Structure formats: C-alpha cells, structure tokens
Amino acid sequence: MQLNSKLPNVGTTIFSVMSALANEHNAINLSQGFPNYPSDKTLNDLVCEAMREGYNQYAPMAGYLGLRLAISRKYEYLYQAFYHPENEITVTAGATQAIYTIVSAFIRSGDEVIVFKPAYDCYEPAVEVNGGKVVGIQLTAPDYRVDWEHVAAKINAKTKMIIINTPHNPSGTVWSKADMLKLQDLTRNSNIIVLSDEVYEHMIFDGEQHQSICLFPDLKQRSFITASFGKTFHTTGWKVGYCCAPEQLMQEFRKVHQFNVFSVNHPMQKGIADYMQDPSTYEGLSDFFQRKRDLFLNLIKESRFKFTPSKGTYFQVLDFSEITNESDVDFAKRLTKDFKIASIPLSVFNEDGKDDKVLRFCFAKTEETLINAAEILNRV
C-alpha cells in the first residue's frame with residue numbers, strides 16, 4: 001500500500017529522542033518537562049476516595065460539573081474574570097488535546113496560523129493536519145521579544161488564528177502587559193481567533209505578573225485559554241487539563257471534542273475539584289519553583305554556561321557558545337552520552353532550524369537531582 005502522509009515531516013519528537021538517549025546512557029534527565037518528586041498525598045487520596053465513592057463511569061462530555069465550577073471560581077479569584085461553568089469551560093485530556101481540538105474546530109485548508117518560534121512542538125502538526133499553513137515568526141535569543149511590526153506585516157485576510165504561549169516554553173520568558181495590548185490592537189475588529197497556551201501560569205518569577213488573555217476584554221471575547229492540571233499539581237501522567245472560551249467559540253470546540261475524546265478521567269476530575277475547594281491551592285507555586293530555579297542557577301554560576309534567569313515555566317535556557325561550536329543537537333547528544341546529563345536543543349523548535357547555541361534544562365526536580373546535575377555542568 002502506498003500512503004500519502006498528511007504529516008510527512010513529522011518523526012519521533014526530540015523529547016522522545018533525548019529521553020531514550022538518557023535512559024540508554026543512564027543520564028540525569030533534565031530534558032522532558034515533568035517533576036521527579038511526588039504529587040501531593042492529599043490530592044492522591046482525594047482521587048482514590050472518588051474511586052471508592054463510585055466516580056468510575058463516564059464523566060459528562062464537558063467535564064465533571066464540580067471541577068468546572070472550581071475552574072470558574074479560580075478565574076474570578078485570580079483574575080476577576082468570569083467563565084460560565086456550564087458553557088464556557090471544558091475539561092480535556094491534557095492541554096495538548098485542547099490545543100489540537102481548537103485548531104481542528106476552526107482551521108480549514110488554506111487558513112493561516114501565526115506561531116511564535118521557538119514553539120512547543122504540538123502547534124504546527126495540528127495546523128498542518130487540518131490543511132492550514134503555519135506562518136512562523138522567529139523570536140531572537142536571548143530575550144525572545146516580539147517584534148510587533150513584523151507581526152502586523154504577517155496578518156492578512158487568510159489569517160485565521162494566532163497561537164501564543166506565556167510563560168513561554170522553551171525560552172522561559174513571559175509576555176508583558178504591553179505585549180498583550182499590542183495583540184489586542186492588532187486583532188480588534190477582526191475574525192482572528194487567539195489560542196493562548198497558559199499551562200505555566202502558576203510558575204512566574206521575580207515579581208512578574210501573569211498576563212492572562214482573560215485580563216483584556218477584547219482579547220477575551222475572541223480567545224481560548226488552555227491550561228494543565230498536570231503542570232500545576234505535578235501530575236503530568238494524569239493528562240487532565242481544560243480550556244476556557246466564550247460560549248460561541250466553546251460550542252464549536254465541543255462539536256469536535258465529543259467525537260475526539262468525549263470525556264476525561266472521572267475520579268481524577270472529582271479529586272482535583274475537591275482539592276481546589278481551597279482558593280489558596282495555587283498560592284506558593286511560583287515561590288516553590290523560583291526556589292528551584294535559584295538553587296540551580298546558583299549552583300552553576302561558576303560554570304562556562306551563560307544564562308538569563310528564567311522568568312517563568314520550570315525551564316532554564318543555558319547558552320553554550322563559549323564552550324563549543326557544535327550544533328545544539330550534537331552538543332545535547334554529547335552531553336547525554338559523555339557527561340550523563342540530558343537537555344533539549346532549541347533549534348528543533350525554531351524557524352529553519354535556527355541555532356542560537358542554547359539548550360533547555362528542566363529544573364522541576366528534587367534538590368538532590370539539581371545538585372548532581374550542577375556538578376556535571378560545572379565540569380563541562
């Protein structure tokens with residue numbers, strides 16, 4: 001049989017490649033973005049309790065109502081923004097499923113989608129498999145700031161969607177209020193949908209404030225927010241996330257969602273909902289991760305790597321340009337094989353493979369792991 005692939009350029013992700021290499025060489029894995037410490041026992045117990053109470057059959061298609069109510073309360077508590085729990089919030093199988101479903105619901109053949117690069121690797125395939133065209137806008141190291149005149153020049157009658165991500169994976173930067181106002185001005189009085197990937201909203205440092213799309217009224221009425229309980233509560237393996245959007249947009253989302261996933265793990269939804277009854281659940285998360293970032297950077301401050309401290313996420317970008325002229329992919333592989341530490345090269349997320357000689361390291365690890373990793377990096 002001859003197949004005409006809809007994604008001919010998609011192979012094994014760099015995350016799988018580097019994790020497999022880390023396993024093969026028994027290396028410390030700071031490549032994939034997941035913690036190596038346990039989730040809160042209270043949360044785990046609440047999920048187990050939900051199972052014992054019988055929450056073991058299909059959840060409602062839009063999600064367990066108690067969880068949607070908790071999400072709605074969260075947005076009122078943190079951002080003074082309202083999403084109706086019945087028709088403006090949907091629980092998803094992680095944020096990646098939410099992103100894929102949003103794109104599938106709105107992108108047709110020939111539509112253009114603006115993506116800021118380096119970009120998380122699920123955005124572009126979702127656009128391409130639905131016949132859309134990715135319009136990449138390259139951000140430049142080390143600050144990865146948006147050139148809004150460049151963005152304005154790329155917007156035309158074919159522009160259907162703009163995908164943003166703040167705090168930004170993989171660079172660890174955050175968008176400012178000024179950035180959001182520029183985006184709001186550029187999309188005002190248009191039919192452009194904004195997809196705002198905010199999975200790292202509770203990991204923001206140095207007194208910065210998360211500029212959620214819901215804080216800007218004109219943006220809110222044309223936008224989806226995607227979020228992740230896995231990132232927030234250290235449970236990436238549960239694959240539970242959600243999205244929020246005005247009712248008109250959410251109606252179209254659910255038309256695809258019901259035939260894509262239909263519903264998400266019921267006892268986990270119930271357990272998370274119960275866990276979120278305390279509004280302070282989210283308080284302290286930024287401080288928790290900033291302490292890890294600060295520990296990691298303090299430990300490697302005498303190394304040959306250069307860095308600008310991450311402003312958000314649980315990733316730190318390190319510049320190795322004073323160490324070697326190797327490509328970032330080759331150097332990442334050599335670090336894994338010869339020094340036993342795995343990272344992610346950023347060129348694979350850039351326009352035309354642009355190589356800024358930087359690697360991404362995940363610091364959502366135990367103190368012991370970070371100390372051991374730093375000892376290795378200081379020897380490079």
Side-chain angles (χ1 to χ4, degrees), residues 35 39-99 101-102 196-204 210 212-215 220 223-247 249-251 253-254 257-258 261-289:
S39 52
D40 188 343
K41 183 178 183 299
T42 299
L43 174 58
N44 298 343
D45 290 344
L46 288 170
V47 171
C48 293
E49 183 178 338
M51 292 179 184
R52 289 192 293 269
E53 291 176 353
Y55 290 87
N56 299 306
Q57 308 308 322
Y58 293 123
M61 182 267 286
Y64 170 63
L65 181 57
L67 182 53
R68 286 182 281 144
L69 285 164
I71 293 167
S72 181
R73 287 194 297 269
K74 168 196 153 174
Y75 279 91
E76 288 190 279
Y77 177 72
L78 293 179
Y79 307 113
Q80 295 75 55
F82 180 70
Y83 287 100
H84 199 290
E86 291 187 357
N87 49 41
E88 295 186 322
I89 298 170
T90 301
V91 181
T92 61
T96 299
Q97 183 251 311
I99 290 164
T101 302
I102 293 164
S196 184
D197 179 353
E198 302 185 16
V199 299
Y200 298 102
E201 65 179 312
H202 302 296
M203 303 164 205
I204 195 158
H210 174 53
S212 175
I213 209 88
C214 67
L215 293 170
K220 183 175 181 287
S223 299
F224 281 90
I225 290 174
T226 61
S228 166
F229 291 119
K231 297 292 192 297
T232 301
F233 296 141
H234 326 305
T235 55
T236 60
W238 292 6
K239 293 297 292 180
V240 180
Y242 61 91
C243 65
C244 305
E247 182 177 4
L249 296 179
M250 191 59 74
Q251 285 177 344
F253 176 92
R254 288 180 179 176
H257 174 78
Q258 68 179 330
V261 172
F262 184 75
S263 65
V264 177
N265 190 296
H266 203 169
M268 288 178 180
Q269 289 192 62
K270 175 65 165 59
I272 293 169
D274 292 342
Y275 191 65
M276 290 174 64
Q277 294 306 304
D278 181 356
S280 66
T281 299
Y282 298 95
E283 294 177 2
L285 279 169
S286 287
D287 290 342
F288 173 79
F289 283 106

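The model shown is predicted, which means the values in this text are computed figures rather than measured ones. We count residues from 1, following the sequence as given.
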- Item | Flag, side chain of H257 to backbone of M61, donor-acceptor distance under 3.5 Å | yes
- Query: With a 4.5 Å limit on heavy-atom distance, are the side chains of C243 and F253 in contact?
  - Reply: yes
- Contacts satisfying salt bridge (charged side-chain N to carboxylate O under 4.0 Å, His left out) that involve residues 78-97 (not counting sequence neighbours) are none
- In this structure, CG of L43 is separated from CE of M276 (nearest 0.5 Å) by 11.0 Å
- Quick one: which residue pairs count as a salt bridge (charged side-chain N to carboxylate O under 4.0 Å, His left out) with a foot in residues 43-64, not counting sequence neighbours? K41-D45, E53-K270
- Task: Enter the distance from E201:CD to Y79:OH here, rounded to the nearest 0.5 Å.
- Result: 3.5 Å
- Who passes ring pair (Phe, Tyr, Trp, His ring centres under 6.0 Å) against F262, sequence neighbours left out? none
- Task: Please name all residues satisfying salt bridge (Lys or Arg N to Asp or Glu O under 4.0 Å) with K220, sequence neighbours left out, ordered by chain then number.
- Result: none
- For Y83, which residues count as a ring pair (Phe, Tyr, Trp, His ring centres under 6.0 Å) partner, sequence neighbours excluded? Y75
- Value for CD1 (I102) from CE (M250), rounded to nearest 0.5 Å, stands at 7.5 Å
- Message: Which residues pass the ring pair (Phe, Tyr, Trp, His ring centres under 6.0 Å) test with Y282, not counting sequence neighbours?
- Response: H202, F233
- Look up atom CD in Q97 and atom OG1 in T92, then write down how far apart they are to the nearest 0.5 Å. 5.0 Å
- Those residues that, when tested against Y200, pass ring pair (Phe, Tyr, Trp, His ring centres under 6.0 Å) (two or more places apart): Y314, F315
- Applying side-chain hydrogen bond (donor to acceptor under 3.5 Å, both in side chains), which residue pairs with at least one partner in residues 57-68 are found, sequence neighbours left out? none
- Hey, does I89 have a side-chain heavy atom less than 4.5 Å from the side chain of S72? yes
- Is the side chain of N56 donor-acceptor paired with the backbone N or O of M51 at a distance under 3.5 Å, no angle test? yes
- What pairs with T90 under side-chain hydrogen bond (donor to acceptor under 3.5 Å, both in side chains), at least two apart in sequence or on another chain? R254
- Item | Gap between atom OG1 of T42 and atom CG of D274 - 0.5 Å precision | 12.0 Å
- With D287, which residues qualify under side-chain hydrogen bond (donor to acceptor under 3.5 Å, both in side chains), at least two apart? none
- Message: Strictly distance-based, threshold 3.5 Å: is any side-chain N or O of S286 a donor or acceptor partner for the main-chain N or O of I204?
- Response: yes
- With F288 via side-chain contact (heavy atoms from CB on, under 4.5 Å) - residues at least two apart: Y37, H234, R291, K292
- Item | Euclidean distance, D197 CG relative to I213 CD1, rounded to 0.5 Å | 11.0 Å
- Query: Quick one: are P60 and L65 in side-chain contact, heavy atoms under 4.5 Å?
  - Reply: no
- Message: Would you say that Y77 contacts R73 through its side chain, given a criterion of any heavy-atom pair below 4.5 Å between the two side chains?
- Response: no
- Item | A50 versus G271, closest heavy-atom pair with distance | CB-N, 4.3 Å
- Compare every heavy atom of S223 with every heavy atom of L249, then report the nearest pair and how far apart it is. CD1-N, 3.8 Å
- Query: Any sub-3.5 Å donor-acceptor pair from S228's side-chain atoms to K231's backbone N or O?
  - Reply: yes
- If we only count heavy atoms from C-beta on, is the P85 to I71 side-chain gap below 4.5 Å? no
- Apply the test side chain to side chain contact (heavy atoms under 4.5 Å, CB included) to residues N44 and Y275: give CA-CA distance (whole Å), side-chain angles for both, the deciding distance (0.1 Å), then the verdict. CA-CA 9 Å; N44 298 343; Y275 191 65; over 6 Å; no
- What closest approach, in Å, do V91 and V264 show between heavy atoms, and which atom pair accounts for it? O-CG2, 3.7 Å
- Message: Between Q269 and W238, is the side chain to side chain contact (heavy atoms under 4.5 Å, CB included) condition met? List the steps.
- Response: CA-CA 10 Å; Q269 289 192 62; W238 292 6; over 6 Å; no
- Query: With sequence neighbours left out, what residues match E198 under salt bridge (Lys or Arg N to Asp or Glu O under 4.0 Å)?
  - Reply: none
- Are T96 and K239 close enough, and set up right, to give a side chain to side chain contact (heavy atoms under 4.5 Å, CB included), and what steps lead you there? CA-CA 9 Å; T96 299; K239 293 297 292 180; 4.2 Å; yes
